[in-house]
Every structure is written in C-alpha cells, then in structure tokens.
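As structure tokens, the structure follows; a few thoughts come after it.
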Amino acid sequence: MKASQQLPFAYELHESFFEKLNEWIGDVFYDLLPEAGMELRDEQIFMAFQLEKAFREKKVMFAEAGVGTGKTIVYLLYAICYARYMRKPAIIACADESLIEQLVKKDGDIDKLSNLLGLSIDVRLAKSREQYLCLEKLEAERSREDYPDHYDMVYDRLPSFVHTNQTMQAFTPYGDRKQYPELDDEAWSRINWDTFQDCFVCKKRHRCGQTLSREDYRQATDLIICSHDFYMEHVWTYEARKREGQLPFLPEASSVVFDEGHLLEVAAQNALTYKYRHNSLEELLTRLLQNDVREPFAVLIEELLSQSLYVSQLIEQHARPVPGTVRHELKTAAVLTELQRLVSYIGQLEEEMVFESELFTIDDYQLRIVEEHLETIKHALTLYLQQENVISWVEREDGLVTLVIMPEMVEEVLKEQVFSKNIPFIFSSATLSVDGSFDYIASSLGIEEYVSFSVDSPFDYAAQMKLFTPRLFTEDVWEAKLEYAVNLLEKTDGSALLLFTNHEELQRFKLAVKSEPRLQKWPFLFEGEQEISRLISLFQADVQTVLCAVSLWEGLDIPGPSLSNVIIWSLPFPPADPVFTAKRHRARNPYAEVDLPYMLLRLRQGIGRLIRTHHDQGVVTILSPELCQQQELQSAIRAILPNGVQMKMEGLDAEMPDLPTVEAKNMIE
C-alpha cells in the first residue's frame, strides 16, 4: 500500500521520497509540460534540481532566477509534494496582495499547474487583518451624520447571518478588501481592521469575515497563501496569542516560500512594532470604570488617563514631518520625563488590578485582556525610554497621534523565531544578490547559513528592451521630467507604467495630469483610487491606459502591448525615515552599505516590469539628474542591467527612442 495516495507519483514507504520526487520532477519538465505546449527551459530545470537540496536538507535557500525562468511553477511543485509528504501545508508568503492575486486568480499560476498536471490543489488565502472589513468601524461610520452612500453599499452586501441569529450552514467568505474595489484607500481605511481594534471583546467576532476566513484556511492541506506582512504578524504575535489562549494566526508549516523575498525585511520592520495611542488606552481603561470598582482604583485610572493625554499632546507638539514619508520624527528629550511618569502610573495600576481581581467585580476574561494590553504598552514605552537599539517615529491620521516603537535589531528576532526552525525556507526573486553576493540580504534577516544559486533570464533583452536616461540639466527638473514623460507617452500612445518613490511624487503628477491638456487623451489610473488588483485588471484590459504607482516596483506581471513603456520618475533610494536612518548609523559606509544596495535591488525590479515574455518589447526611461552627473552611480547601474541592455544618455532635444507603434501593438495583441 502506498504511504500517501495523494502524492502525484508512486511511492512506497521503504523508498526514498526525494529520489521518487526527482524522477517525477524530471518527467514534468521533460515530458508532461512540453506535451501540454509549454516551452522546455533549461533555466527552469536547473532551478528545479537546485531546490531539491534545500528541501532535502531543510536549508534556507536564496533562489535568484531572472524574469521568464518560470520559478513560480518550480517552487509550487516542490512545496505541494513536500506538504503532502509531511502532512502539513506549505506557506507561500508573497510581497503584497497583487502577487497573491497572480497566484490564485483564474488562469493564474496555481490554476495553470492544476490543469496541466491534473492535480486537485487545496489552496486557501490567509490575508492580512487590515484586508478585512471591521463590522464595528462600519457601524460607527454609518452612525455619523451625512456619511457617504458607499458605506450603505458595503452594509447591503453583508451576508444575512451577520444581522441575525441564524446558523451559518457553510463557510461564507465576505469582508475582503477585494470585494469592495470601488472604495479608494482612504474610504477603506475608515472601515477596515486596524491595530487599535480589540477583537477579543468584540461581540461580532464570531460572525466576522476575518474570523471565519481564519478558521477556514487553517484546514488547508496543500498551500496557504499569505502576504509577507501577515507572516511576520504571525511571528510577532505567536507567543502573545498562546498566552491569551488563542491559536496562532498560521498553523505549523512543512516549508515556507518567500516570493519576492528581497522585501521580507521591510515586512518584518512593519510587523515588529509597538504602537501607543492615547485614544486606544482611554477606550481600554474606560471599560474597567464601567464595573463596580473601588474609588482609589477609579482615581488612579483617571490620573493615568490624564497623564496619557498630556503625553499625547507633547508628542503632537514635538513631532516634525520627514519629507518623502508619512512618518514624523519626534524630538525625544521633550517627552522622556513625562513618559517615565506615565510608565510609573501603568505599573501602579497593574499592582492595583491584582487586588481588584480578588474582589471579582470585573469579568475575569475582560480583566486579562486589559492586563495584556497594559503590559504591552508598558514594555513598548520602556523600550523607548531606554533609547538603545530602538527606532521610533510618529504617525498622524484623522487628528490622532500614534507613537510607533520598533526594536532596531529585527534580525535577532528573525534569527530566533523564524530561521531557527528546522524546515526549508525558500527565497525566490529575480533580485536577491548585490555584486553576486547574498550577504546583504542574509545579514539583514539574521541568516547565518544558507545555500544559493543564480540563473539568468532566457529573454533576449538586447533585442527587446531599450533603456534611456535623459540629461536633465535645467533649473526646473520637475517640469523637464514632465515634458519628457509626455513625449514618451505620445510615442507609445499610453501603454505605460509610471513608478514613483513616494506618494508625494505621485500626487504631484496626478495634479499635473489634470492641468496638462496633452495628457487628457489617455486614461490614467492612480494607486489608491481603487483596490489594487482592480486597477491592474483595468490597466491590462485597455492598451492605452497609463498606470501610476508607488508599490508596483515588484510583482506586476503584464505581458503584451498594455505595458511597453516603463518610466521611473526617480531613482528608488531609501527615504530619510527613522528606520533607514538607524541602518545608516550602524554602517561604516552608509551610502555603500545601505542606500546603494537598496536602490539597485529596487531599480532592478522596476526595470523588470517591462519584459515578461519572449514577444514583449519596449523602453525603460530613468528620469534622474544625479545619474547624468555621477560617473560612479552610472557604473553601478550599468552593472545591474539585463544582459545586452545599454544605457543611453540623451539630451531633452534628442530624437525619442524607437518604440512599438500603435499599429504594431495591435498586431502583437
């Protein structure tokens, strides 16, 4: 009898699983896929047999494979088979929601693999919490006077069991961001889950779309698809959820694949943070005052809240915006003394809560939740007060001020809580190395031992891509960039992706589109106006559309004539925010060790959006005055260009590059 009837190949218990797996992998790439009409790619086969080492030896592997190698198919084959062998699902963590959509959509990579090989694949989504509707926040918005009509639309789409006590007969997914594509990001942020929503005491939690989805994906047998952010949130909350008697966000996995793995550090930094906001603390402690508590206990709560309000006001007064980011820098010295006093109040309240719990006047479950939150807040503020190995900044939104505190050494957390596990970890991306070395990404993630390989793209870039950077020697660089961009869009009649490094650039260009008559002839899509996968779908469907984005340097896969023109508005150097400022302080040569490697990895990804198949062709333009002035920077960028691509530097009055005409694009289409 077979050890597992689910494996797509014959396997006996006394046989070597990996030998049988390798035989089947060979059959897939040499016979099954070519018979189905797919191209036999040497690069893909090379990657397949490199991955075997990582799975066999349970190693961390950096799998750097160029665009067009078919790396997704390779890691999916291994992940699915290994999951069935180990009887635990594999986790595929993608950089963002658009990458998740490419994997799971109809005719996406998983669907193609299932159809080609006749495999029934159990794949389920585990989306980040902020990707789900919060019923409490929706109710709060609809209680306001003159609230927008689109919130009624959201309410009307809720399943009937949300409003009644009727039993749910089967899993009904609802509340996903993707189900409300008409909402822009600002409208969605008013009704989605955020870090200050306390799900533990929510009366609607058992009818919540997020809760129901979590219960469903935990039953997956093959694949769980999530984002980097959600995986790191799982890591960061693992111990706390166990203490509270909750299940971790994700089940134990047989293996983990980080698609676009070069972005994992950013996700770790986003997840491994504490947040202090007065309004949240006030809401938390007000619950205690609604119980029959002792007068000294109530007085202490009032004193603590008064101090918290004062600290919040101080933070708001002394926070200064950081250009190019949504973060604010806090002048620390002005708030340290008052923060210390706040921490002292929290400590006193924790002691009083021990005595209060013995009186049994407060529900024990509610009391434990408050204790857990207070302990987290005190720990975060204590970290901040120590001013060692900590990064902090301030966020402002809708009149609310939040102090964000992050341990500086996130690599230590990752080393202990992630990469110490004895399972295969696969990093897959076209850009993982710098100057042929993987040490930059390994050290930033706390990875000491790993295996790696690099394989080039099979595309003929010399014939398919042209790359230009105009000489922007003018006083008004912005207007010069705008003029060159208009000329490029004229040449390709739209069909362009504009990549910006921050939202300020994007918004300024958006205003220019409205006021520049020559830009009125093409449809423009701007990130944030609608749900991101909806924008991508609209962009792909209309050949003339122009898509403008900040977050699509990676993951966007638009083959064909809809994307024949990539315009990079600025070189993607890291911002001057507190996270990168801390990394620079730790480096002996900040530019060479932090800024330049980050920029080159991101630039390689941006350039990689253009050519997705052997039939694609087009142009990439980098609008960067410093690139024309710095020979060392030119050399660094030339070294990372695809094989055969030359960087041509032209004046603004030079003849525009040859690009596919509208007629040629239609023929390709």
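Model, not experiment: these values are computed from the prediction.
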>> To the closest 0.5 Å, what do you measure between CD1 (I558) and CG (L497)?
In response: 9.0 Å
>> Could you measure the distance from the CG atom of L21 to the SG atom of C81? Nearest 0.5 Å is fine.
In response: 5.5 Å
> Looking at the rings of F230 and H234, which for Trp means the six-membered one, are their centres under 6.0 Å apart?
Replying inline: no
> Just how far is it from atom CD of E233 to atom CG of L250, taken to the nearest 0.5 Å?
Replying inline: 9.5 Å
>> For K466 and Q646: C-alpha separation, side-chain torsions, deciding distance, then whether side chain to side chain contact (heavy atoms under 4.5 Å, CB included) applies.
In response: CA-CA 7 Å; K466 297 181 185 296; Q646 302 296 318; over 6 Å; no
>> Could you go through D259 and Y75, starting from their C-alpha distance and side-chain angles, then the distance that decides it, and tell me whether this counts as side chain to side chain donor-acceptor pair (under 3.5 Å)?
In response: CA-CA 10 Å; D259 200 341; Y75 73 62; 2.7 Å; yes
>> Are there over 12 heavy-atom neighbours, none belonging to E15, within less than 6.0 Å of that residue's CD?
In response: yes
>> Check this for me: K105, atom NZ, are more than 12 non-hydrogen atoms of other residues, nucleotides or ligands nearer than 6.0 Å?
In response: yes
> Is there a donor-acceptor contact under 3.5 Å from the side chain of K71 to the main chain of A65?
Replying inline: yes
>> Looking at Q630 and E632, would you say the former's side chain and the latter's main chain have a donor-acceptor pair under 3.5 Å?
In response: no
> Could you walk me through whether W236 and T273 pass the side chain to side chain contact (heavy atoms under 4.5 Å, CB included) check?
Replying inline: CA-CA 9 Å; W236 192 230; T273 58; 5.7 Å; no
> Once the angle between the rings of F258 and Y231 is folded into 0 to 90°, is it parallel (under 30°), tilted (30 to 60°) or perpendicular (over 60°)?
Replying inline: perpendicular
> Ring centres of Y11 and W24 under 6.0 Å apart?
Replying inline: no
> Side chains of D122 and L223: does their closest heavy-atom pair fall under 4.5 Å?
Replying inline: no
> Does Y440 reach the side chain of L601, with side-chain heavy atoms less than 4.5 Å apart?
Replying inline: yes
>> Assess whether a salt bridge exists between K88 and E252, defined as any Lys/Arg side-chain N lying under 4.0 Å from an Asp/Glu carboxylate O.
In response: no
> Are F18 and F55 close enough that their ring centers fall under 6.0 Å?
Replying inline: no
> Distance-only, no hydrogens or angles: does the R241 side chain make a donor-acceptor pair with backbone N or O of L247 under 3.5 Å?
Replying inline: yes
> Side chains of S213 and Y132: do they bring a donor and an acceptor to under 3.5 Å?
Replying inline: yes
>> For a quick test of reading the model, state the closest non-hydrogen atom pair linking H228 to A267 and the distance between them.
In response: CB-CB, 3.4 Å
>> Can you classify the ring geometry of F459 versus Y461 as parallel (below 30°), tilted (30 to 60°) or perpendicular (above 60°)?
In response: perpendicular
> S429 and side chain to side chain donor-acceptor pair (under 3.5 Å): which partner among E554, E64, Q605?
Replying inline: Q605
> Is any side-chain heavy atom of V645 closer than 4.5 Å to a side-chain heavy atom of M465?
Replying inline: yes
> Hey, does M61 have a side-chain heavy atom less than 4.5 Å from the side chain of L51?
Replying inline: yes
> Is there a donor-acceptor pair closer than 3.5 Å between any side-chain N or O of E260 and the backbone N or O of C94?
Replying inline: no
>> Please give me the minimum heavy-atom distance between A319 and L330, naming the atom from each residue.
In response: N-CD1, 4.2 Å
> Centres of the F580 and Y598 rings: under 6.0 Å?
Replying inline: yes
>> Determine whether a donor-acceptor pair (N or O, by modelled atom type, separation under 3.5 Å) exists between the side chain of D109 and the backbone of L103.
In response: no
> Under 30°, 30 to 60°, or over 60°: which ring-plane class applies to F9 and F17, parallel, tilted or perpendicular?
Replying inline: tilted
> If we only count heavy atoms from C-beta on, is the V404 to Y274 side-chain gap below 4.5 Å?
Replying inline: no
>> Rounded to the nearest 0.5 Å, what separates atom CG in L603 from atom CZ in F573?
In response: 9.0 Å
> For I611 and G618, which heavy atoms make the closest approach, and how far apart are they?
Replying inline: CD1-N, 4.4 Å
> Are R214 and F249 in a cation-pi contact, defined as NZ or CZ under 6.0 Å from the six-membered ring centre and within 45° of the axis?
Replying inline: no
> Are any non-hydrogen side-chain atoms of V123 and D222 less than 4.5 angstrom apart?
Replying inline: no
>> side chain to side chain donor-acceptor pair (under 3.5 Å), that's the test. Do T613 and D616 meet it? Break it down for me.
In response: CA-CA 6 Å; T613 73; D616 292 343; 3.2 Å; yes
>> Check whether R609 reaches the backbone of D557 with its side chain - one donor and one acceptor, N or O, closer than 3.5 Å.
In response: no
> When rounded to the nearest 0.5 angstrom, what distance separates CG in N22 from NZ in K20?
Replying inline: 11.5 Å
>> Could you walk me through whether L33 and L117 satisfy the side chain to side chain contact (heavy atoms under 4.5 Å, CB included) test, starting with their C-alpha distance in whole Å, then the side-chain angles of each, then the deciding distance to 0.1 Å, before giving a yes or no?
In response: CA-CA 8 Å; L33 294 185; L117 300 180; 4.2 Å; yes
> Where does the angle between the aromatic ring planes of F500 and W569 fall among parallel (under 30°), tilted (30 to 60°) and perpendicular (over 60°)?
Replying inline: tilted
> Would you say S114's side chain and I110's backbone share a donor-acceptor pair under 3.5 angstrom?
Replying inline: no
>> If you compare all heavy atoms of G66 against all heavy atoms of A430, which two are closest, and at what distance to 0.1 Å?
In response: CA-CB, 4.2 Å
>> Strictly below 4.0 Å, N to O, side chains only: are R177 and D185 in salt-bridge contact?
In response: yes
>> Please evaluate residues L571 and E626 with respect to the criterion side chain to side chain contact (heavy atoms under 4.5 Å, CB included), reporting the C-alpha separation (whole Å), side-chain torsions for both, the decisive distance (0.1 Å), and the verdict.
In response: CA-CA 9 Å; L571 288 176; E626 63 266 41; 4.1 Å; yes
> Under a 4.0 Å N-O cut-off, is there an ion pair linking E449 with K415?
Replying inline: no
> Quick check: does any side chain N or O of S254 sit under 3.5 Å from a backbone N or O of M86, one acting as donor and the other as acceptor?
Replying inline: no
> Got more than 12 heavy atoms from elsewhere within 6.0 Å of CZ, F49?
Replying inline: yes
> For the residue pair C548 and L506, what are the closest heavy atoms and their distance?
Replying inline: CB-CD1, 3.6 Å
> Can you check whether I447 reaches L414 side chain to side chain, under 4.5 Å on heavy atoms?
Replying inline: no
> Once you round to the nearest 0.5 Å, how far does OG of S444 lie from CG of L264?
Replying inline: 8.5 Å
> So, T501 versus E505: side-chain donor-acceptor pair below 3.5 Å or not?
Replying inline: yes
>> Show, in sequence, the C-alpha distance, side-chain angles and deciding distance for E19 and R56, and conclude whether the salt bridge (Lys or Arg N to Asp or Glu O under 4.0 Å) test is met.
In response: CA-CA 10 Å; E19 287 181 8; R56 181 190 290 269; 5.8 Å; no
> Is the number of heavy atoms from other residues, nucleotides or ligands under 6.0 Å of D460 CG greater than 12?
Replying inline: yes
> Is there a donor-acceptor contact under 3.5 Å from the side chain of R602 to the main chain of P597?
Replying inline: no
> Between L535 and E527, what is the shortest heavy-atom contact and its length?
Replying inline: CD1-CA, 3.8 Å
>> Distance alone, cut at 3.5 Å: any donor-acceptor contact between the side chains of S128 and D229?
In response: no
> Given side chains that start at C-beta, do those of V390 and M406 come closer than 4.5 Å, heavy atoms only?
Replying inline: no
> Do the side chain of S437 and the main chain of V434 share a donor and acceptor less than 3.5 angstrom apart?
Replying inline: no
